[in-house]
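Beneath this line is the structure, given in structure tokens, with notes to follow.
Index from 1, following the sequence. One-based numbering, in listed order, for ligands and for the atoms of each.
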Amino acid sequence: MDGGDGRGGVFLFLGPPGVGKGTQASIFSKARGLPHIATGDILRDAARRGTPPGREAKEQYMDRGNLVPDKIMLKIVNERIDRDDCDAGIVFDGFPRTRSQANYLDGALPNRGLRLERVLYLDAPEDVVVERLSKRRVCPSCRANYHLRHFPPRKEGVCDRCGTDLIWRDDDHPETVRERLKVYENETAELVQLYEERSLLFRVDASGGVEEIRAAIEAAG
Ligand code: AMP
């Protein structure tokens with residue numbers, strides 16, 4: 001994907017936790033043939049492998065609904081975007097989440113011949129995202145997502161795709177969900193205005209089903 005001026009186009013998926021960024025970013029990245037960089041997935045993988053920064057991130061921050069500090073985040077993202085598969089563009093999911101992370105991208109992308117193409121802002125009322133998160137179950141192996149009511153696995157508690165036991169993410173439990181929503185409002189919501197001012201923002205009503213949201217995103221061009 002070319003950003004229109006010969007540089008690789010970068011897309012950001014922005015929005016509150018539980019709005020469906022992961023699902024839509026995954027669909028979008030496959031359709032565009034671009035790598036999908038989900039910082040939450042990278043952190044969870046590091047925690048599962050038991051690396052010291054991974055364990056620290058999970059225990060000190062993620063399980064409490066707080067953001068992982070920039071010192072860890074920027075190192076992870078910097079290493080990831082240096083890989084060759086990012087030359088043609090990137091789909092970010094869950095990054096940036098703070099003004100300083102957005103500032104980092106402003107410097108890091110042009111340095112790598114990349115340019116910010118569009119910010120897909122997915123929004124839905126709070127009761128919708130809380131309901132989605134509390135009933136979400138995920139596969140720790142292939143990362144498939146389920147919803148106990150709207151999209152249950154065929155066999156209870158087991159991933160349809162790969163047969164792994166599904167988990168209820170620690171941070172999808174109600175108390176942590178409330179904290180994550182607060183952190184989103186305090187730290188991340190201001191990025192909506194930032195990208196709107198740069199005419200990069202495309203708003204998507206994400207209260208409907210997966211296919212409906214996908215079509216709305218596709219219409220963004
Ligand atoms: P997610 O899977 O995107 O909901 O992310 C899960 C958790 O990982 C978040 O609640 C944060 O604790 C952490 N995390 C993911 N991305 C970032 C980021 N860009 N900055 C700081 N923390 C992050």
Within-4.5 Å side-chain heavy-atom neighbours: R115 and L109: no
Centroid-centroid distance, F28 to F13, less than 6.0 Å: yes
E126 atom CD, neighbour heavy-atom count above 12 within 6.0 Å: no
Within the protein, residues bringing a heavy atom under 4.0 Å of ligand 1, chain by chain: T39, G40, L43, R44, M62, N66, L67, V68, M73, G94, F95, R97, Q101, R169, D171, R180
Partners passing salt bridge (charged side-chain N to carboxylate O under 4.0 Å, His left out) against K75 (at least two apart in sequence or in another chain): E79
Residues which pass salt bridge (charged side-chain N to carboxylate O under 4.0 Å, His left out) with R149, listed by chain and number, not counting sequence neighbours: E131
Set of residues satisfying salt bridge (charged side-chain N to carboxylate O under 4.0 Å, His left out) with respect to R97, sequence neighbours excluded: none
